[in-house]
Structures are given as C-alpha cells and as structure tokens.
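Order of the sequence lines fixes the chain letters, A, B, ..., with proteins taken first and strands second; residue numbering starts at 1 for each chain.
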Amino acid sequence: MPAQVPFWRAAALSLLILAAFLAAWEVAVMPRAGSGPAIDPEYAALLGQAAAQGGTTPMPGPSAIFVRLVELLSDPFYVRGTNDQGIGVQIAYSLLRVGAGFGLAALVAIPLGFLIGMSPLLNAALNPFIQVLRPVSPLAWMPLALYSIKDSAISSIFVIFICSVWPMLLNTAFGVASVRREWLNVARTLEAGTWKTAIRVILPAAAPTILTGMRISIGIAWLVIVAAEMLVGGTGIGYWVWNQWNNLSIADIVIAILMIGLVGLALDRLLGLVAQAVAWRE
Amino acid sequence: MSNQYVSVEAIARRYGPTTIFEDVWFGIDRGEFVCLVGHSGCGKTTILNILAGLEGPTEGAVIVDGTEISGPSLDRAVIFQGHALMPWMTATGNVAFALSCRHRGWSRAQCDAAAREALKRVGLGHALDRKPAELSGGMKQRVGIARALALNPKMLLMDEPFSALDALTRGSLQDEVARLVTETQQTAFMITHDVDEAILLADRILLMSNGPGARIAEVVVNTLPKPRTRANLHHMPGYHALRDHVLDFLISRSAAFDAKAPPAGWAPRAVPEVRPAIETPPPLAAE
C-alpha cells in the first residue's frame, strides 16, 4: 500500500498540473498572424465576424472561457424565453429530472430488491428478465417511451428511472440475501416478526450495500440525463450543450462540461455522506 | 406433573442416508443446569437449535412446559457462540431491541432504561453507548448474556458461549454465569467441550458418543456442592474422579460406544446415570 501523503503536497501537485495544462492550452490557441487562407471580400461580408477568424470558429483559450464563465455565473437563473435561459436554470431542470427518475427508481428497486433478496424463488424467477434488460442502453428505451408516454419531459424521467433501477435492485437483493444468518436467528428467537426484522435487522445490515447501488445509479443517471436531453430537447443542461454547439459557442460547451462534472461530483459526495452515516463495522 | 420443564423425545437428524444422531431422549427439570458434552460432528449445535426452535428435528419432538414446540420463543433465550450482536446498534441498543420484542407495549425510553440496568448487572455500566466494534471479545459476549437474561426467559440456551474467548476472560465469565444462574434458579442448557466448564456449571452432564449415529451414551450427575467457583472447584473432594470420568469418556468411550451393542443397562430412553464424585468410576465399557 502506498504511504499516506500530506494533503498540501497532493494539492500543490494538482494545482501545478492544472496550471501547466491551462498554460499549454492558452498558448496553443493563440491566434497566429497570417494564418488561414485569404478570403474573398464578398464572402467575408456574408460571414461577418467569422471571416476575421479565417472562416473557422477558433478554440477559445482558458482566459476567454473564464470571462464567459463569470458572465454566465453572474446571472445563472434568468429566463428570457424558451431558448434563452440561464445555465443555473438548465442544471436545475436536469437535476429535477434525475431526482424524479432516481427517486421513483429507488421506490421501486429497494422494496423489490428486498423481496428478491428474501425469496430465492423470486430471485431465480426474475433473474433472467433482469439479466436481459440490465445491459440495454437506457437511450434505446427513449423511442418506446416517447411513443407510449407521448410526453418528452416524462419520457426523459422514464429513461432515468430505467437506468437507475438496475444497480439499486441488484445491490439491494444482494445485500438482503447476504445478511448474516446469526442476526436473523437472533431476530427469530426474539420473535421479532417479519416487519420488525425487515426494518430493524435486515435494512440496517444491508444499508451499506444498498447505498453502494444508489451511488452507482446516481452516477449513471447523471451520465444519461445529458444524452437524453440532447435527444429530447427543450430544457436541461444536455439540451443547453447541444444548443451551444448549434450556436458554435465552444466556450459555453467547455463550461457545460465543467459544470456537469462538478454537479456529478456533488451528487456522488452527497450519497457518500449518507453511506457514511449508515456504515457499520464489526 | 413432575418438575420437568423440557422433554426431548426420540429426536433424530438425518441428511439423506447419513444419520447425525438418533433416538436422543432427555429431560431438563425446572431450575436445572444441563450441559451437553461431545466431540465435533455429533450434532450438539443441532440439538441446541432444535431446542431453540430454529431447526426442526427429522424425527421426534421436543415438549416444553407440556406443549410440543414448533418454533423459536422468547421463553427460551439463546446465547450464541459468536456473540451475534448487531454491529450498527450500541450495547444498550442491542439489549433494548430484545426488550422491545419482549415487551411490545414498552416505550423506547423504558426499553433503554431496562437495557442499561441489564448491562450494569454484567459489569458493563461503563460501556453502555459503545458499538460492538469498540468492545473486546469478552465484553461482546457479556452484552450477549445481558441480552438473554434481560428477557427474563424461562430457559437459557447456550451454544459454546465462551469458546471464542481467551482463557482469562473465559474463566471470569464462567464464574459470572455460575453466579447469575444460581441466583435466579435459571433453567439452562449449554453445549460445551470444556470439561471444567461443564463441571463448574452443570447439575447433570450429558455425554454424547461420536457421530454419525450419535446417541447420549451416559448421564453424569454432578454431586459437587454449590456454590462452585473456579477457585474452589478443584479442591472439592470428588472433583478429580468426576473430571477423569468425563475426560475418559471423551478420549476413549465416546468412540467405542456402539448403540447396536450397548453396554449393559443402557437404553435410549433410560440412559444410566453415574455419580463419579461419590462412586468409584465404573469399569470401561466392554470392547
């Protein structure tokens, strides 16, 4: 096992890597004099600003992106019509969908996982369905969802639901099935009853495993929501990324990537805290 | 009715063609402490689980208080071999959970208060709010004992409760259980393969022959006076005769016992009782 390194040394190295990366990026995208082919003046007039950039959209450097980031974050929650809303509003839409889909999935997967974990019969009977459905890309469900639900907003929630349900279901079933026999025997000799045993013994015993499943699920859900919103459109950070691509706002796309990463990290840390709260050791 | 609380009648456990034990009969009186001693594989733990109601026998029945048992009961508290504490609950929480099962009407505060009392009785007043991971092996087993005794059961079932502990801890816990059980006239059944432990605690020691096809081969009556402690036990007259008798059984007679050609006077329903502490040991069973 590697020895423990002091926090400040790792942090200093992280900052160094970041600084080197940003500096290299900044240098690489600096406009070079005389680069690019000469452009016909009439065509330049049609293209407007793009002509001055040699007919291509230049990759923005970190400084340009930072300026844009400050601009976006100075008013993240504005709404000026359906196609012009702040980045905060878009992220909130995405979070709402993930929250709804993930929450519904938890409501279904945890009780069902409990039943599967407690009943070897149910486990064997449902296993083939789970094994076939689990590897299906959640986006493959999208057309079917759009066709049957006929509402794009609910369809994307359904897609989040379907992708978050499997890890929670399997982990809950596994956690419940592997509760130590001696604890169940204690509950039996105490005549604790099914309900009390489930709530006071099996649930806390399986909670760390269930939480692991929830963390995997929320990670997948956050991956999938971006793609789903690109398909469905309307609102959300995925839609916003695609919209900025259509606008050729490369800086906005880079900012969106950063935001998606940070929000994903926050979601994982949040469930990490819950996992810590229910963890036990012997 | 007699003073008999438990009557084990002709129980057997078979797995397919293999018979672990069969034709096992014995009784336990109210207030009596019975130890079952035998080698690994003779089905000792299975017999305890059957008495607890956690398993059913393949054949036969167990009658408790005049009724055949069909499952576990709060009247028969079990002290498990591994302490079997819930690691997510504190010591108090573990005992309070048991109490909340015993007394459905009790509030949480009532259960907690009674749990703390039970833990203080086994000398854990200083560790009430610790999780099992923060307790030593002996302390964990004390919590297990407190959990069982707090139920105020009609009978205590113990499955090698001290076997996982170091010698010093085991000794002090044995003395403590001897004290607690004598004080409350607790009916108890314990599995062990520690001969001294059996002599210290038991009024009668059931000796099981080796499996497969194990039987109760002898019943040893412990005539040594009570209270017994580890300090005075080995000075008691008759102690050595008793100990030698049980050890001899475990070393040679347990393997030599054959139910098809049993020693004279042996019958499954009437296993002869011996009192080695006041008699001279009987000669070894016929080869």
Assess the residue pair Met89(B) and Arg200(A) against the criterion (side-chain contact (heavy atoms from CB on, under 4.5 Å)); give the C-alpha distance rounded to whole Å, side-chain angles, the decisive distance to 0.1 Å, and a yes or no. CA-CA 10 Å; Met89(B) 298 179 188; Arg200(A) 296 289 309 274; 3.8 Å; yes
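- Note on Leu54(B), Val78(B), Leu151(B): by heavy-atom pairs under 4.5 Å with chain A, the leading option is Leu54(B).
- No other option in Arg188(A), Glu282(A), Glu182(A), Arg180(A) has as many heavy-atom pairs under 4.5 Å with chain B as Arg188(A).
- Interface summary for chain A: among Ala98(B), Pro87(B), Pro132(B), Pro153(B), the most heavy-atom pairs under 4.5 angstrom belong to Pro87(B).
- Among the candidates Arg147(B), Lys131(B), Arg76(B), Gln81(B), the residue making the largest number of heavy-atom pairs closer than 4.5 Å to chain A is Arg147(B).
- Residue contact with chain B, scored on non-hydrogen atoms closer than 4.5 Å, is absent for Val278(A).
- Per-residue counts of heavy-atom pairs under 4.5 Å with chain A were compared for Asp75(B), Leu74(B), Asn49(B), Leu85(B); the largest is that of Leu74(B).
- With a 4.5 angstrom heavy-atom cutoff, Leu157(B) does not touch chain A via any of its atoms.
- Heavy-atom pairs under 4.5 Å with chain A were tallied for Ser100(B), Ala52(B), Gly82(B), Gly53(B); the largest tally goes to Ser100(B).
- Residues Arg102(B) and Leu190(A) have side chains not in contact (no heavy-atom distance under 4.5 Å, counting atoms from C-beta outward).
- Here the straight-line distance linking atom CD of Glu191(A) with atom SG of Cys101(B) works out to 9.0 Å at 0.5 Å rounding.
- Atom CZ of Phe114(A) is surrounded by more than 12 heavy atoms from other residues, nucleotides or ligands within 6.0 Å.
- Atom CZ of Arg108(B) sits in a sparse spot, with 12 or fewer heavy atoms from other residues, nucleotides or ligands closer than 6.0 Å.
- For Ala205(A), the parts lying under 4.5 angstrom from a heavy atom of chain B are both the backbone and the side chain.
- Ring-plane geometry between Trp183(A) and Trp88(B) is classed as perpendicular, the angle between the planes exceeding 60 degrees on a 0 to 90 degree scale with a lower cut at 30.
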